[in-house]
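Comments concern the structure below.
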Amino acid sequence: MELETKTASVSFIEGRYLLVRFKPNESIDKAQAEEIIKKVHILLPEGANIPFGNIIDATDMFFISGSARKYFAESPNPDMVGVALLVKSQIQAGFANLYMKFTRQASPTKVFYKMENAKQWISDRLDTKE
């Protein structure tokens, strides 16, 4: 099942990965972040006890506000083993690493350029949790 917001699509794939794919050229503010988290709670209701990893596909995103970054960082799920942030350029990776340096993450977070690598990192984390 894939749920849509104005700025992102949210799906739970392969029973292991929560995929949040930001739509091209969108700017994410706190209101959009709240809307995305509401969709996440539909797919993975609180207390579902389903271990998962979060893949954030930010390859085509334009901008994310500080308040949205803070809201995402402060919306942890105890079943989430990590967040893989997918980017397409060194500039995006630089901004992502800067963001992680100054915003405390509730879950381990790592930047990737390829979906396969992001999935593998999450799979390894899930396998050690089981």
Walk me through it: do L44 and F52 pass the test side chain to side chain contact (heavy atoms under 4.5 Å, CB included)?
-> CA-CA 10 Å; L44 292 164; F52 70 95; 3.8 Å; yes

With a 3.5 Å cut-off and no angle check, do the side chains of S11 and Y17 form a donor-acceptor pair?
-> no

Compare all side-chain heavy atoms of [X] with those of [Y] and state whether any distance is below 4.5 angstrom.
X	Y	value
T59	Y113	no
V87	F112	no
V83	F72	no
I56	L86	no
M1	L43	yes

Side chain to side chain contact (heavy atoms under 4.5 Å, CB included) between K88 and D60: does it pass, once the steps are laid out?
-> CA-CA 8 Å; K88 68 178 174 186; D60 293 323; 3.3 Å; yes

Say you draw a straight line from OH of Y71 to OG of S65; how long is it, rounded to the nearest 0.5 Å?
->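 Answer for the OH-OG pair, Y71 versus S65, is 12.5 Å.
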
If you round to the nearest 0.5 Å, how far is CE of M80 from CZ of R125?
->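 Nearest 0.5 Å value for the CZ-CE distance: 10.5 Å.
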
Compare every heavy atom of [Y] with every heavy atom of [X], then report the nearest pair and how far apart it is.
X	Y	answer
A84	I122	CB-CD1, 3.9 Å
F12	I50	CZ-CG2, 3.9 Å
D79	A48	OD2-C, 4.5 Å

Within one Ile-Leu-Val-Met-Phe-Trp-Tyr cluster: I13 and W121, side-chain cutoff 4.5 Å | yes

Treat each ILVMFWY residue as a node, draw an edge where side-chain heavy atoms are under 4.5 Å apart, and state whether F63 and V20 are in one component.
-> no

Check: V10 main-chain N/O paired with R21 side-chain donor or acceptor under 3.5 Å |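 Not a single qualifying donor-acceptor pair exists.
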
Looking at K119, M115, E2, E14, which hits side-chain contact (heavy atoms from CB on, under 4.5 Å) with L19?
->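 Going through the options one by one, the only one that passes is M115.
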
Extract all donor-acceptor atom pairs below 3.5 Å that involve side chains of residues 26-42 and protein atoms in other chains or at least two apart in sequence.
residue : atom : partner : partner atom : Å
D29     : OD1  : A31     : N            : 3.1
D29     : OD1  : Q32     : N            : 3.1
Q32     : OE1  : D29     : N            : 3.0

Applying salt bridge (Lys or Arg N to Asp or Glu O under 4.0 Å), name anything that partners K23, two or more places apart in sequence or on another chain.
-> E4

Mind running side chain to side chain contact (heavy atoms under 4.5 Å, CB included) on I55 and L18 for me, showing each step along the way?
-> CA-CA 6 Å; I55 299 174; L18 174 68; over 6 Å; no

